[in-house]
Protein chains: 2
Amino acid sequence: MPRYREIYESLRQKIVLGQWPPGHRLPSEHELARSFGCARMTIGKALGALADQRLVTRRRRAGTVVNAPRPQESVLEIHDIEAELLAAGVSYAYQSLERRVRRANAADAAALGVPPGTPVLALTGLHRAGGRPHALEERLINLQAVPEARAERFTDISPGRWLLRRIPWTEAEHQIAALNADATIARRLAIRRNTACLTIERNTWRDEQRITHVRVIYPCDQHRLVARFRYGAA
Amino acid sequence: MPRYREIYESLRQKIVLGQWPPGHRLPSEHELARSFGCARMTIGKALGALADQRLVTRRRRAGTVVNAPRPQESVLEIHDIEAELLAAGVSYAYQSLERRVRRANAADAAALGVPPGTPVLALTGLHRAGGRPHALEERLINLQAVPEARAERFTDISPGRWLLRRIPWTEAEHQIAALNADATIARRLAIRRNTACLTIERNTWRDEQRITHVRVIYPCDQHRLVARFRYGAA
DNA sequence: TTTCTGAATATGTCTAGGCATATTATGATT
DNA sequence: AATCATAATATGCCTAGACATATTCAGAAA
């Protein structure tokens, strides 16, 4: 284990176990370098890592101070449905239900964040796991950003995969919510009306330009999202 | 802007805009140092930041290689309910519905991850926003880990806040799911039976020791989780 | 051809020092 | 007492060089 990591761990312990409470000021880099017997830059690397993890705040002249624990922050991994199912050893298939090129109406424009009239590709499809409906996907693709999507049929390739391979994205936003299945959703997912479903909406950007908006609907018994977080660790 | 950050941004652009596709090998640190006219350590800092963001993978002798885009990873912030409501300018109150000290039964043991028979504190409470029910909370606290909770009544202080201030935690796991409100949930939240609800379950550890398990239930129209992610940025 | 061994190479880490800059503390002045 | 200029200080960033270590590549040996 490299020296700076040892120092990082040693300082981290003091913080997460409460020995150095929030607000406590750490010794200066010079002092730490002396006490650990290393160069100041090595200490700087360890303290920088603590700051990256938001365990401490560093300000010139003011020094390095222990932060209050963050509320509840977590890294959420929203996996590719296909990869997830294949990893679980379940067969996967994508089935196209609707495909339409149109000029964005008001709802499209709001969801995708483009001016009304922009050409969009609207797709609805079903992800099947082991032959049974697994999730319903409603997607809008901005054809100004991804003109080559116009030529693609998406009859049995998931548009998510297709896009992920082709279009580099720089920013994404997820919104997670619950909804009661209406008649259409219930029919397509082969569940009873009013069954609670988990929905994940995702907006994707490439440098200010909107690429796609997608809403994936999972029946409540088929999916949960898991997010794990270790306080002050990579 | 510091030099290493300029270099980081310059390299990042090449990657996220597809100029350097996945699999592409970057010039060596020495070459980059020469072309940017700086010391190797400055390049190392920039490349290290790219690696932290998982934009590249670095291996000795093999060099630095552009990664395939990550599936869909996001930073999820699950805010403290009270802070969230107060920030929105809505009044907040916590109302205790049940409080019971008992030895863990099978369900408690499974949820909290402790052996059956361990003393636990089981709490049920309602978060109210503007006087109306906002979320239902079901919590188990491991009294072996937090003995001082036995003395606390939790009649009008939210146990989440109380714990957050007192107990340093090192690891947390969230699970997000949807469920149909049963009769009890519906009554307590003043919603109709079968209304879809978003549930967030959270397990908290302190160095291997389980501290608490909590499930928060939100009616579908009262809450959505938002997670944002910038590809390759802090 | 295959396998092994050593050389080359890129990164990983570290040192010892330097200048820059933000912020705080201090002391002088009003 | 209040304000302001100045000095002290801690971090932020950087250089130039060094040794360590993992990995690959090329050539030698079987």
Side-chain angles (χ1 to χ4, degrees), chain A residues 1-16 19-68 70 232-234, chain B residues 1-16 19-68 70 232-234:
Chain A
M1 186 184 271
R3 193 93 179 86
Y4 83 90
R5 192 113 185 99
E6 281 180 14
I7 296 169
Y8 169 86
E9 287 298 342
S10 152
L11 299 175
R12 177 176 171 269
Q13 281 302 308
K14 287 205 164 54
I15 295 170
V16 298
Q19 202 167 330
W20 283 347
H24 177 84
R25 180 170 150 180
L26 275 64
S28 77
E29 291 195 351
H30 276 290
E31 289 175 72
L32 287 170
R34 209 154 25 74
S35 69
F36 279 103
C38 65
R40 187 168 79 91
M41 201 167 214
T42 306
I43 297 294
K45 203 166 176 181
L47 291 178
L50 289 173
D52 285 346
Q53 299 293 338
R54 321 247 169 128
L55 283 168
V56 299
T57 300
R58 314 192 69 199
R59 275 163 59 231
R60 286 176 171 154
R61 162 73 215 204
T64 301
V65 174
V66 176
N67 281 339
R70 274 178 279 184
Chain B
M1 186 185 269
R3 192 89 178 89
Y4 83 89
R5 193 113 185 99
E6 282 179 20
I7 296 170
Y8 168 87
E9 287 298 340
S10 153
L11 300 175
R12 177 177 170 269
Q13 281 302 309
K14 287 206 165 54
I15 295 170
V16 298
Q19 203 167 331
W20 283 346
H24 177 85
R25 179 171 151 179
L26 275 65
S28 77
E29 290 195 352
H30 276 289
E31 290 175 70
L32 288 170
R34 209 155 24 76
S35 68
F36 279 102
C38 66
R40 189 167 77 92
M41 202 167 217
T42 306
I43 297 293
K45 205 166 176 180
L47 291 178
L50 288 173
D52 285 347
Q53 300 294 338
R54 320 246 171 132
L55 284 168
V56 299
T57 300
R58 313 191 70 199
R59 277 163 57 232
R60 286 177 169 149
R61 162 75 213 204
T64 302
V65 173
V66 176
N67 282 339
R70 275 177 281 184

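To find a chain, count down the sequence lines: A is the first, B the second, and so on, and within it residues start at 1. Remember, predicted model here, so these are calculated numbers, not experimental data.
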Next item on the list: Calculate, to the nearest 0.5 Å, the distance between atoms CG and CG belonging to B:Leu11 and B:Leu32 respectively.
Entry: 6.0 Å

Item checked: Spatial distance of atom CD (B:Glu9) from atom CZ (B:Arg5) [nearest 0.5 Å] -> 5.0 Å

Atom [atom1] of [X] to atom [atom2] of [N]: distance rounded to whole Å?
X	N	atom1	atom2	result
B:Arg58	C:dT9	CZ	P	18 Å
A:Arg3	C:dG12	CZ	C1'	16 Å
B:Glu29	C:dA8	CD	P	21 Å
A:Lys45	C:dT13	NZ	C1'	6 Å
A:Met1	C:dT13	CE	P	11 Å
B:Leu50	C:dG12	CG	P	12 Å
B:Ile43	C:dG12	CD1	C1'	15 Å
A:His30	C:dG18	NE2	P	11 Å

For [X], side chain to side chain donor-acceptor pair (under 3.5 Å) partners two or more places apart:
X	result
A:Thr57	A:Asn67
B:Gln13	none
B:Arg58	B:Glu29, B:Thr64

Next item on the list: Mind jotting down which residue pairs meet the ring-ring contact (aromatic ring centres under 6.0 Å, His included) criterion with at least one end in residues 24-68 of chain B? Sequence neighbours excluded, please.
Entry: B:Trp20-B:His24

Next item on the list: Going 5' to 3' through nucleotides 23-28 of chain C, assign each nucleotide B (protein heavy atom under 4.0 Å from a base atom), S (under 4.0 Å only from sugar-phosphate atoms) or - (no protein heavy atom that close).
Entry: BBS---

Checklist line | Under the salt bridge (Lys or Arg N to Asp or Glu O under 4.0 Å) test, residues paired with B:Glu6 that sit two or more places apart | finding: B:Arg3

Next item on the list: Indicate whether OP1 or OP2 belonging to C:dT11 is found under 4.0 Å from a side-chain N or O atom of B:Thr64.
Entry: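 Result: yes.
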
Item checked: Contact list for DNA chain D against residues 31-41 of chain B - heavy-atom distance below 4.0 Å ->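 Per residue number, the list reads B:Cys38, B:Ala39, B:Arg40, B:Met41.
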
Next item on the list: Using side chain to side chain contact (heavy atoms under 4.5 Å, CB included) as the criterion, list what pairs up with A:Gln19, not counting sequence neighbours.
Entry: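 With neighbours one apart ignored, the set is A:Lys14.
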
Checklist line | Contact interval (first through last nucleotide) of DNA chain D with protein chain A, 4.0 Å heavy-atom | finding: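 The contact span of chain A on DNA chain D goes from D:dA8 to D:dT15.
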
